[in-house]
Amino acid sequence: MGDQFQGRVPVNKIIPFSAVDGPGNRTAVFVQGCNFNCRYCHNPETRSLCRSCGECVEKCPKQALYIENGKVLFHPELCCGCDTCIKTCRFDASPRIRYMNAQEVYQEICRQVPFIRGITVSGGECTLYPEFLQELFTLCKRDGLGTLADSNGTLDFSKYPKLLAQMDGVMLDIKAWSEKDHLAVTDQPNDLVIRNMKYLAEQGKLYEVRTVVVPGLFDCEETVCQVAALAARYLEKGDIRYKIIKYRPMGVRSEYAHYQVPDRELMEHLAKRARECGMKTVLVV
Ligand code: SF4
Ligand code: SF4
């Protein structure tokens with residue numbers, strides 16, 4: 001997707017300091033665009049690229065959006081962050097995108113270098129842009145920064161050894177175990193996701209696996225047990241965390257916001273099952 005912009009990829013936002021996107025204090029980079037359609041996505045405005053339909057431009061209360069040569073563009077300095085544009089958009093897109101190459105993103109990260117332990121690239125789905133990731137991680141590694149990717153596991157990592165060499169690890173979402181359930185959650189199959197889980201674990205590059213628990217949407221207990229049992233087979237290569245995440249309806253598209261929020265008892269039960277299946281580090285959030 002980035003080639004038409006000479007190595008530039010759509011960046012949704014860069015958070016200079018984040019304590020929730022991996023270990024320690026990190027800069028988190030969020031790219032735009034995703035190949036899944038997760039029913040519980042809490043930032044659906046990162047899924048698609050803006051089609052420049054112009055519908056959000058006149059709704060902007062700060063005149064931060066404008067049209068030039070048929071493209072909707074953005075004045076960041078005028079924006080008040082009201083999110084009216086995102087609420088207006090019918091295409092799960094955002095007009096507040098900057099097309100940036102790895103060097104430009106790195107320049108923004110440089111300001112934080114003395115104060116951060118590393119970077120995490122998230123999305124959307126960051127592995128839609130593997131060349132960008134490889135270049136950005138290479139630049140960050142030179143400064144001694146840690147490099148993590150938050151991914152849905154749909155890039156065949158075995159075909160990108162140079163990227164893997166520059167990446168400390170992946171925070172891998174396993175949305176559901178059975179293909180039927182995975183299709184119900186994301187509209188996409190998961191054979192490559194599971195293959196990636198094994199490959200990354202074998203390479204010592206699986207930092208964390210994660211599952212969002214949504215009772216009724218898929219078989220949560222089967223997923224947690226199967227993921228835990230598979231990950232546990234690789235623990236001698238290094239610890240792998242299993243983060244079990246409670247579904248929350250904030251930001252979820254209205255047509256999908258009816259799912260049941262799991263109670264504490266269910267979350268604790270699933271954490272117990274993950275430990276029984278061999279996981280050592282299980283987090284419930
Ligand atoms: S963000 Fe959405 S509403 Fe705004 S111009 Fe792009 S596609 Fe249209
Ligand atoms: S968030 Fe969107 S609508 Fe609100 S000021 Fe910024 S660009 Fe305009």
Side-chain angles (χ1 to χ4, degrees), residues 1-21 26-102 104-105 107-109 111-112 119-129 131-133 136 150-152 154 173 185-188 248-258:
M1 259 202 255
D3 290 351
Q4 56 187 315
F5 299 99
Q6 298 174 318
R8 289 187 164 81
V9 306
V11 175
N12 182 288
K13 65 181 165 200
I14 298 174
I15 298 180
F17 300 107
S18 166
V20 295
D21 291 292
R26 309 181 80 80
T27 295
V29 179
F30 294 83
V31 298
Q32 182 81 11
C34 185
N35 50 352
F36 277 8
N37 181 22
C38 298
R39 302 298 186 266
Y40 51 72
C41 180
H42 61 266
N43 48 6
E45 74 281 2
T46 64
R47 290 190 57 237
S48 307
L49 298 182
C50 172
R51 305 172 184 201
S52 288
C53 74
E55 286 172 20
C56 58
V57 174
E58 61 195 43
K59 301 270 174 61
C60 173
K62 298 290 179 186
Q63 286 78 51
L65 301 171
Y66 61 104
I67 300 177
E68 195 173 278
N69 298 327
K71 290 259 172 234
V72 169
L73 300 172
F74 167 57
H75 284 302
E77 66 285 1
L78 298 179
C79 175
C80 66
C82 67
D83 285 349
T84 303
C85 49
I86 287 167
K87 287 175 201 144
T88 301
C89 183
R90 296 178 286 129
F91 306 108
D92 293 342
S94 166
R96 293 183 283 163
I97 296 302
R98 292 184 291 163
Y99 279 84
M100 303 173 79
N101 62 27
E104 288 160 346
V105 173
Q107 289 307 320
E108 292 206 10
I109 293 166
R111 300 173 201 155
Q112 288 86 248
I119 70 158
T120 299
V121 187
S122 184
E125 174 51 38
C126 67
T127 65
L128 294 179
Y129 314 105
E131 290 80 16
F132 164 83
L133 271 189
L136 178 61
D150 170 356
S151 173
N152 65 16
T154 49
D173 288 315
V185 176
T186 70
D187 287 343
Q188 297 296 326
R248 295 168 177 90
M250 279 85 73
V252 173
R253 288 164 288 179
S254 55
E255 62 269 41
Y256 300 126
H258 57 277

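Numbering of residues begins at 1 and proceeds along the displayed sequence. We count ligands from 1, going down the list as the structure has it; atoms in each ligand are counted the same way.
For atom 5 (S) of ligand 2, the nearest non-hydrogen atom of the protein is Cys80 N, 3.5 Å. Protein heavy atom closest to atom 6 (Fe) of ligand 1, with residue, atom name and distance, is Cys50 SG, 2.3 Å. Counting protein heavy atoms only, atom 4 (Fe) of ligand 2 is closest to Cys82 SG, 2.3 Å. The shortest contact between atom 8 (Fe) of ligand 1 and any protein heavy atom is with Cys53 SG, 2.3 Å.
Tyr129 pairs in a side-chain contact (heavy atoms from CB on, under 4.5 Å) with only one of the listed residues (Val11, Val9, Val121), which is Val9.
Close approach of ligand 1 to Val72 (heavy-atom distance below 4.0 Å) involves ligand atoms 5 (S). Shown in contact with Ser94 at under 4.0 Å from a heavy atom are these atoms of ligand 1, numbered in order with element: 1 (S). Short contacts between ligand 1 and Pro95, defined as distances under 4.0 Å to a heavy atom of the residue, involve ligand atoms 1 (S). If you number the atoms of ligand 1 from 1 as listed, the ones under 4.0 Å from a heavy atom of Arg51 come out as 6 (Fe), 7 (S). Each of the following atoms of ligand 1 lies closer than 4.0 Å to a heavy atom of Phe91: 7 (S). Close approach to Asp83 involves these atoms of ligand 2, each under 4.0 Å from a residue heavy atom: 1 (S), 4 (Fe).
Of the possible donor and acceptor atoms, none in the side chain of Gln188 sits under 3.5 Å from a partner among the backbone N and O of Asn37. A distance-only check finds no donor-acceptor pair linking the side chain of Thr127 to the backbone of Ser151 [under 3.5 Å]. Listed for the Thr46 side chain is a donor-acceptor partner under 3.5 Å among the backbone atoms of Gly124. Listed for the Arg96 side chain is no donor-acceptor partner under 3.5 Å among the backbone atoms of Asn12. The closest donor-acceptor contact from the side chain of Thr84 to the backbone of Lys59 lies at 3.5 Å or more, if one exists at all. With Arg51 contributing its side chain and Leu49 its backbone, the two residues share no donor-acceptor pair below 3.5 Å.
If you look at Arg96 next to ligand 2, the close heavy atoms, those under 4.0 Å, all belong to the side chain. When heavy-atom distances to ligand 1 are checked against a 4.0 Å cut-off, Cys85 has no atom that comes that close, whether in backbone or side chain.
Metal site remark for atom 2 (Fe) of ligand 1: Cys56 contributes no N, O or S atom at a distance under 2.8 Å. Contact annotation: Cys89 places no N, O or S atom under 2.8 Å from atom 8 (Fe) of ligand 1.
Residue contact check for ligand 1: Thr88 places no non-hydrogen atom closer than 4.0 Å to it.
For the 3.5 Å distance criterion, the side chains of Thr154 and Asn35 qualify, holding a donor opposite an acceptor.
Remark: Arg8 engages Glu104 in a salt bridge, criterion side-chain N to carboxylate O under 4.0 Å.
Between the NE2 atom in His75 and the NZ atom in Lys62 there is a gap of 14.5 Å [rounded to 0.5 Å].
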